[in-house]
Amino acid sequence: MTTNKILPDKAVVQSQPAVQARSRQEHIEVVASRRDLTGRAQTASQGTITAKELQMRPAYRVGQILEAIPGLVVTTHSGEGKANQLLLRGFNLDHGTDLATFVDDMPVNGATNAHGQGYTDINFLIPELLGGVDYTKGPFYANIGDFGVAGSDHMKLASEVPRQISASAGTLGDYRVYAGGTTRFKNGDRWVNAFTWQHADGPWRYPDNARTLRAISHFTHGDDRNGFDLTGMFYRGQWRATNDQPLEAMRSGMIGRYGSLDPTDGGFAERYSLSGHYRMAGDNWKWVTSAFASHNRMTLWNNFTHYLDDPVNGDQHQQDETRTMLGGTSTYSRNDHIGRFESETSVGVQGRYDILYVDRRHTHERVALRDCPGSLNDSAQYACNADNINLGTVGFYVQNTTHWLPWLRTVVGLREDYQGGIDDNLIDGSRTVKHQWLFQPKGSLIFGPWKRTELYLSAGRAYHSNDFRSVSGSYNSGEFTSVSVPLMTSAVSGEIGVRTTPVDHFHMQAAVFIIDFDSELS
């Protein structure tokens, strides 16, 4: 007879069925929906969501997966294909300005994006392939750099998924086809492949006609301590957008509740990426190196003010972006005993380089108009703003956790970030070169656990980068020409929190925090 016990964390339960078969063991893996981080967490407000919970959550769109993070609100506007609107810790994060998002350790936030600083489009993900999410809140973690003031999320890919083919259909033009599975090799290697096609119209007078193609191939050799993995991703999406509508237009009968003053609003997005990890580990140390390369294209047509500025043609604008992003991370961590004190130290370096073209054009029904100044470059014809921009970021950090007493430990982190860029303005031919360094101390004082309860005091400094066009003053609109902002806008934050498990399988976290930003959004 075998007895299985449900554990609060990922675990392996071994059982021996009978005296005659003591040499044989059964391995039963039981995975809880949340990890109990008591005794390991750096702050009261970080956590880990397992694949089990993600699989149990119904999601109409990919972005809803992130609502498994407590306190994070994920909504949408301007159509299904556009990046989500995010709200956390009292901030309207727009499309991700202060929530650092990573998939397979690739940063997703778009610096100097054509539409919004930190633009976080995760529509390229296939939810069935997610293996969990690690999240943080606040700027208290040395390994989190740009866009991480309010929080961060690291979405991990599963090294194995069941073989499955599914198709679904619903009202409002909602259709989806999925095919995926894992190939296991004799040496233990795993190769995950998956593909989806999806379509949605929504309730609108002019249907969204949102259609997407997604494909992911993920190869894993070895395990989390020694081995490597490679991942390739592809995404392509197109959609029509129904933007916010004036109340007066509905009251007057000009449009209905689901109508649109400009049915040509919409967008297009395309993304390719290749990423990988290499891992080595010893008895008390571990080294993880990752690298990534991605190429994105995006075009958005939005008409938020309708006929306010141009009563004849309307106020629709087209925003274009082409981005190539290269980068990686390398982290060395080890566990040591210094006298009778247990110590854990991590040292890391992170780098990213963006090569991008961004522009903005005044359009009517997606056709560029001639009311913007001429440019010096044919690729920016009829563009109001057009820039070729190169951005480089390097971050160095060290973090130490020391267990001074069974009920007392400290976390001390130091981080230094460098950002630099070159902006070639294709409208007036000017060039701007800017750079900046920013030092960021962080730390936590942790008391406990007492009766499975811990108390936390945390403080730290962090930042979000600003749109490089704001830094260089390359906007062609008069309202921006006199604006000068720094490359990095810093913030400091403090937090008092508690983490407790009053009864088995019930984990509770609570925190009170304050964030002081030099500038919320620039």
Side-chain angles (χ1 to χ4, degrees), residues 37-48 69-72 87-91 93 97-100 102 118 134-154 331 333 341-348 350 395-405 407-419 436-450 453-465 486 488-500 508-521:
L37 297 182
T38 303
R40 292 174 288 168
Q42 300 174 38
T43 72
S45 51
Q46 73 180 103
T48 294
I69 298 173
L72 177 63
L87 301 99
L88 179 68
R89 293 215 149 181
F91 286 93
L93 304 177
T97 308
D98 290 297
L99 180 69
F102 303 85
D134 295 330
Y135 66 86
T136 66
K137 296 180 188 177
F140 314 122
Y141 313 88
N143 63 329
I144 306 297
D146 200 1
F147 304 115
V149 173
S152 74
D153 57 269
H154 283 75
T331 304
S333 32
F341 305 121
E342 183 182 349
S343 177
E344 304 150 14
T345 304
S346 294
V347 180
Q350 300 165 338
F396 307 91
Y397 70 89
V398 58
Q399 181 169 284
N400 173 264
T401 301
T402 300
H403 300 257
W404 303 99
L405 296 167
W407 52 267
L408 175 66
R409 67 183 186 274
T410 57
V411 180
V412 178
L414 300 175
R415 184 180 179 95
E416 182 86 15
D417 276 272
Y418 168 84
Q419 289 204 1
Q436 181 181 346
W437 289 89
L438 186 67
F439 177 66
Q440 304 146 72
K442 308 159 188 286
S444 294
L445 185 61
I446 304 154
F447 302 92
W450 297 296
T453 299
E454 287 185 327
L455 303 177
Y456 301 79
L457 300 175
S458 304
R461 186 187 192 199
Y463 74 100
H464 70 227
S465 61
M488 296 182 274
T489 295
S490 67
V492 294
S493 179
E495 179 181 287
I496 301 173
V498 61
R499 181 188 302 268
T500 183
M508 186 175 68
Q509 301 162 239
V512 177
F513 64 89
I514 183 171
I515 300 178
D516 183 11
F517 237 128
D518 289 347
S519 172
E520 182 176 348
L521 185 62

Undergrad: Would a line drawn from the ring center of F147 to the ring center of H464 be shorter than 6.0 Å?
TA: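 No - the distance between ring centres of F147 and H464 does not fall below the 6.0 Å cut-off.
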Undergrad: Provide the closest heavy-atom pair for T38 versus P449 in the form atom of the first, atom of the second, distance.
TA: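 The pair with the smallest heavy-atom distance is CG2-CB, 3.9 Å.
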Undergrad: Compare every heavy atom of L88 with every heavy atom of A150, then report the nearest pair and how far apart it is.
TA: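 Shortest heavy-atom contact: O-CD2, 3.5 Å.
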Undergrad: Should T136 and D153 count as side-chain neighbours, where that means a heavy-atom distance under 4.5 Å?
TA: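 No, side chains not in contact.
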Undergrad: Could you go through I446 and V411, starting from their C-alpha distance and side-chain angles, then the distance that decides it, and tell me whether this counts as side chain to side chain contact (heavy atoms under 4.5 Å, CB included)?
TA: CA-CA 8 Å; I446 304 154; V411 180; 3.9 Å; yes
Undergrad: So for atom CD1, which belongs to I496, do other residues, nucleotides or ligands contribute more than 12 heavy atoms lying within a distance under 6.0 Å?
TA: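 No, because the 6.0 Å sphere around CD1 of I496 holds 12 heavy atoms or fewer from other groups.
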Undergrad: Rounded to the nearest 0.5 Å, how far apart are OG of S493 and NZ of K137?
TA: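 Reported value, rounded in 0.5 Å steps: 12.5 Å.
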Undergrad: Looking at Y463, W437, F439, which hits ring-ring contact (aromatic ring centres under 6.0 Å, His included) with Y418?
TA: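 So, applying the ring-ring contact (aromatic ring centres under 6.0 Å, His included) to Y418 and each of Y463, W437, F439, only W437 qualifies.
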Undergrad: Once rounded to the nearest 0.5 Å, what's the spacing between atom NE2 of H154 and atom CZ of F102?
TA: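 H154 atom NE2 to F102 atom CZ measures 4.5 Å (nearest 0.5 Å).
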Undergrad: Mind checking ring-ring contact (aromatic ring centres under 6.0 Å, His included) for H403 and listing every partner two or more places apart, or none if nothing turns up?
TA: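 Partners of H403 under the ring-ring contact (aromatic ring centres under 6.0 Å, His included) test: none.
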Undergrad: Is the closest side-chain heavy-atom distance between L72 and L87 below 4.5 Å?
TA: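 Not in contact.
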Undergrad: Which atom names give the shortest non-hydrogen contact between M488 and D417, and what distance separates them?
TA: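 In this case the closest contact between M488 and D417 is CE-O, 3.8 Å.
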Undergrad: Please enumerate all residues that pass salt bridge (charged side-chain N to carboxylate O under 4.0 Å, His left out) together with R499, with sequence neighbours excluded.
TA: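 Scan of R499 (salt bridge (charged side-chain N to carboxylate O under 4.0 Å, His left out), adjacent residues dropped) gives none.
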Undergrad: Going by ring-ring contact (aromatic ring centres under 6.0 Å, His included), name the residues that satisfy it together with F513, two or more places apart in sequence or in a different chain.
TA: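 Listed in chain order: nothing, the list is empty.
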Undergrad: Looking only at atom types and distance, does a side-chain atom of Q399 sit under 3.5 Å from a main-chain N or O of A142, one as donor and one as acceptor?
TA: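 Yes, because the side chain of Q399 sits within donor-acceptor range (under 3.5 Å) of the backbone of A142.
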Undergrad: Nearest 0.5 Å, what's the CD-OG1 distance between E342 and T402?
TA: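 Here the interatomic distance stands at 9.5 Å.
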Undergrad: Please name the pair of heavy atoms, one in T48 and one in Y135, separated by the smallest distance, quoted to 0.1 Å.
TA: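 Distance-wise, the nearest heavy atoms are N-CE2, 4.0 Å.
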Undergrad: Evaluate the side-chain proximity of Q419 to D146: yes if any heavy-atom separation is below 4.5 Å, no if none is.
TA: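 SC-SC contact between D146 and Q419 confirmed.
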Undergrad: Please report the closest heavy-atom contact between A510 and A44, naming both atoms and the distance.
TA: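 Minimum heavy-atom contact is O-CB, 3.9 Å.
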Undergrad: How close do Q42 and F140 get, heavy atom to heavy atom, and via which atoms?
TA: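 What the structure gives for the nearest pair is OE1-O, 4.2 Å.
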Undergrad: Please identify each residue that fulfils side-chain contact (heavy atoms from CB on, under 4.5 Å) with V492, with sequence neighbours left out.
TA: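 Only R461, D516 meet the side-chain contact (heavy atoms from CB on, under 4.5 Å) criterion with V492.
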Undergrad: List for me each residue that meets side chain to side chain donor-acceptor pair (under 3.5 Å) alongside E454, sequence neighbours excluded, and say none if there are none.
TA: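 Only R409, Y456 meet the side chain to side chain donor-acceptor pair (under 3.5 Å) criterion with E454.
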Undergrad: What is the distance from atom CG of D518 to atom OG1 of T489, rounded to the nearest 0.5 Å?
TA: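 One gets 6.5 Å once the value is rounded to the nearest 0.5 Å.
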Undergrad: State whether a side-chain donor-acceptor pair under 3.5 Å links Q509 with Q46.
TA: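 No - no donor-acceptor pair under 3.5 Å links their side chains.
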Undergrad: If the condition is side chain to side chain donor-acceptor pair (under 3.5 Å), which residues does T500 pass it with, not counting sequence neighbours?
TA: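 Partners of T500 under the side chain to side chain donor-acceptor pair (under 3.5 Å) test: T453.
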Undergrad: Can you tell me how far the CG atom of L93 sits from the CG atom of D98, to the nearest 0.5 Å?
TA: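 Separation between the atoms: 6.0 Å.
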Undergrad: Going by the rule side-chain contact (heavy atoms from CB on, under 4.5 Å), which residues pair with V412 if we only count those two or more places apart in sequence or in a different chain?
TA: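 Applying side-chain contact (heavy atoms from CB on, under 4.5 Å) to V412 gives none.
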Undergrad: Sequence neighbours left out, what passes side chain to side chain donor-acceptor pair (under 3.5 Å) with W404? Give chain and number order.
TA: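 In terms of side chain to side chain donor-acceptor pair (under 3.5 Å), with neighbours along the sequence ignored, W404 is linked to T410.
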Undergrad: Quick one: list whatever passes side-chain contact (heavy atoms from CB on, under 4.5 Å) with F447, sequence neighbours left out.
TA: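 F447 satisfies side-chain contact (heavy atoms from CB on, under 4.5 Å) with W407, L408, L445, W450, L455, L457 once adjacent residues are dropped.
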Undergrad: Applying salt bridge (charged side-chain N to carboxylate O under 4.0 Å, His left out), can you list everything that pairs with R89, at least two apart in sequence or on another chain?
TA: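 Partners of R89 by the salt bridge (charged side-chain N to carboxylate O under 4.0 Å, His left out) criterion, ordered by chain and then number, come out as E495.
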Undergrad: Just jot down the side chain to side chain donor-acceptor pair (under 3.5 Å) partners of T331, sequence neighbours excluded, or say none.
TA: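 Result, side chain to side chain donor-acceptor pair (under 3.5 Å) vs T331: Y397.
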Undergrad: Taking side-chain contact (heavy atoms from CB on, under 4.5 Å) as the definition, give me every residue that meets it alongside S333, ordered by chain and number, with sequence neighbours left out.
TA: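 Per chain and number, S333 pairs via side-chain contact (heavy atoms from CB on, under 4.5 Å) with K286, S346.
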Undergrad: Any donor-acceptor pair under 3.5 Å linking the side chain of Q350 with the backbone of G348?
TA: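 No; zero donor-acceptor contacts below 3.5 Å.
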